[in-house]
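Here's the structure we're looking at; comments come further down.
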Amino acid sequence: MDTDERLELATRNTAEVVEESELETLFAEGDPSVYIGYAPTGEMHIGHFTTMRKLADFLGAGMDVTVLIADLHAHLDDNKSPFDLLEARSEYYEETIEAMIDAAGADADRISFVRGRDFELDPDYALELLRMAAETTLSRARRAGSEVVRESDSPKLGGLLYPLMQTLDVDALDADVAYGGIDQRGIYMLSRELLPEHGGESPVCVFAPLLSGLSGGKMSASDESSKVNLNDSRDEVVEKIEAAYCPAGEREDNGVLEYLEYLVFPILDERGEDLVIERPEEYGGDLTYGNYDDLEADFLSGELHPADLKPAAGEAISEIVDPIRERLNDQPELLREAYPETDD
RNA sequence: CCGCCCUUAGCUCAGACUGGUAGAGCAGUCGACUGUAGAUCGACUUGUCCCCCGUUCAAAUCGGGGAGGGCGGACCA
């Protein structure tokens, strides 16, 4: 596989790459390392899943992939996870991420898992954190984390340490590439600025798109109807897609289309399968799509109606989520211990 | 260590001074209309009023105590 092919694989289906030329250089020189961090806070959902397929691409491009379970970050971000639950939630995240990686068609055994606590308490790390804290203004830290760290009436210092620690994580994990949702952009731009002054190098940043919510607008982790959960039953998934905002012929804020583009088709493509849409004869009969672009073209032209698309999309999505739900259901203690109050 | 302020529906809050067992907006649910959803109409639901004790025929409301949160002052070898 030549450099161009590796670059194409590593950058497809992304929201932004900063800077692509730097990534090209990395590929030309060897096998770059990439990491993505997840803070084990609330239950994982389909939004997390969209970042997984990309990990398979990275492996395919010959990169070393590390997944960071950022336990301390989960607590620092406005106490999203109570300190006492960090271990249980980390276990749940790790297991669920492995399940998603498998479901996305990648080999989880080729990915290294690391906990934040394993290195974020090292003296050298702590010292550099304090030095950064001495040099970074409150407003700069706030701005960097504004898309990630939860807004609160009583903001804690932890939320300001958060972006600095994430910056140090890049260096500590020896990552050439930082990968994450586009919401992480503010933090990694700070990283690119600070790291060279702190004994590191500016990471190349690869950002995944954030999916729109199913009820229009942004997806909200706290709004059940705006997202598909990994342990939603087949019926629940289908119901949520049926109820989703999906104006005929429109792409904007259309979560159903985005799920198909970033979740369903990348995985169908990996399996070499098509998406079959059943449609009553009176509307023209069944349709078959081998790629997203053709489907979108038909949807935008009005050839493909939302009422026909939705049931097929719902089935396809639930089929992808199936193995993850089963794996979680086989280990009910994972969720029970990670979310003692909310689990049912 | 001292002082002041806040805590009412899922959310933002009103009601407290002048006690009569609670309201608005948004959200949500259900219908109508669309070959989906949304929008739009129509209907409906929602509460340990932070906790405890007391005064009273009656306490979200008054008094005392407590918890949680916020702000300020003081101290500073």
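Here is the naming used below: chain letters follow the sequence lines, and residue numbers restart at 1 for every chain. Keep in mind that this is a model prediction, so the values were computed, not measured.
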Which base sits across from [N] as a Watson-Crick or G-U pair, both distances under 3.5 Å?
N      : answer
B/rA32 : B/rU40
B/rU48 : none
B/rC17 : none
B/rU61 : none
B/rA24 : B/rU12
B/rA74 : none

Measuring only the [atom1] atom in each nucleotide, how far is [N] from [M]? A whole number of Å is fine.
N      : M      : atom1 : answer
B/rG73 : B/rC52 : P     : 36 Å
B/rA9  : B/rG47 : C1'   : 5 Å
B/rA67 : B/rA27 : P     : 39 Å
B/rA58 : B/rG19 : C1'   : 8 Å
B/rU48 : B/rG54 : P     : 24 Å
B/rG38 : B/rC33 : C1'   : 13 Å
B/rG20 : B/rG15 : C1'   : 14 Å

Round to a whole Å and report the spacing from [atom1] of [X] to [atom2] of [N].
X        : N      : atom1 : atom2 : value
A/Glu239 : B/rA37 : CD    : P     : 13 Å
A/Ile317 : B/rU36 : CD1   : P     : 19 Å
A/Lys310 : B/rA37 : NZ    : P     : 6 Å
A/Leu214 : B/rA37 : CG    : C1'   : 10 Å
A/Tyr283 : B/rU36 : OH    : P     : 9 Å
A/Glu252 : B/rG38 : CD    : C1'   : 13 Å
A/Leu309 : B/rG35 : CG    : C1'   : 14 Å
A/Tyr259 : B/rA37 : OH    : P     : 18 Å

side-chain hydrogen bond (donor to acceptor under 3.5 Å, both in side chains) involving A/Gln166 - partner list, sequence neighbours excluded: A/Gln184, A/Tyr188
Nucleotide of B/rA37, B/rG70, B/rG35 approaching A/Tyr245 most closely (side-chain heavy atoms):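 Of the candidates, B/rA37 comes closest.
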Of the candidate nucleotides B/rG35, B/rU36, B/rG69, which contains the atom at the shortest distance from the side chain of A/Ala248? B/rU36
Under 4.0 Å between a side-chain nitrogen and a carboxylate oxygen: does that hold for A/Arg234 and A/Glu315?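 Salt bridge flag = yes for A/Glu315 with A/Arg234.
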Looking at A/Arg115 and A/Asp71, does any basic side-chain N land under 4.0 Å from a carboxylate oxygen?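 So A/Arg115 does not pair with A/Asp71 through a salt bridge.
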Side-chain contact, heavy-atom cut-off 4.5 Å: A/Glu98 with A/Glu94?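 Side chain of A/Glu98 against side chain of A/Glu94, heavy atoms only: contact under 4.5 Å found.
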On RNA chain B, more 5' by nearest nucleotide between A/Ser225 and A/Arg279 is A/Ser225
Where is the tightest heavy-atom contact between A/Leu328 and A/Thr96, given as atom of each residue plus distance? CD2-OG1, 3.5 Å
Kindly check if the number of other-residue, nucleotide or ligand heavy atoms within 6.0 Å of CZ (A/Arg150) is above 12? yes
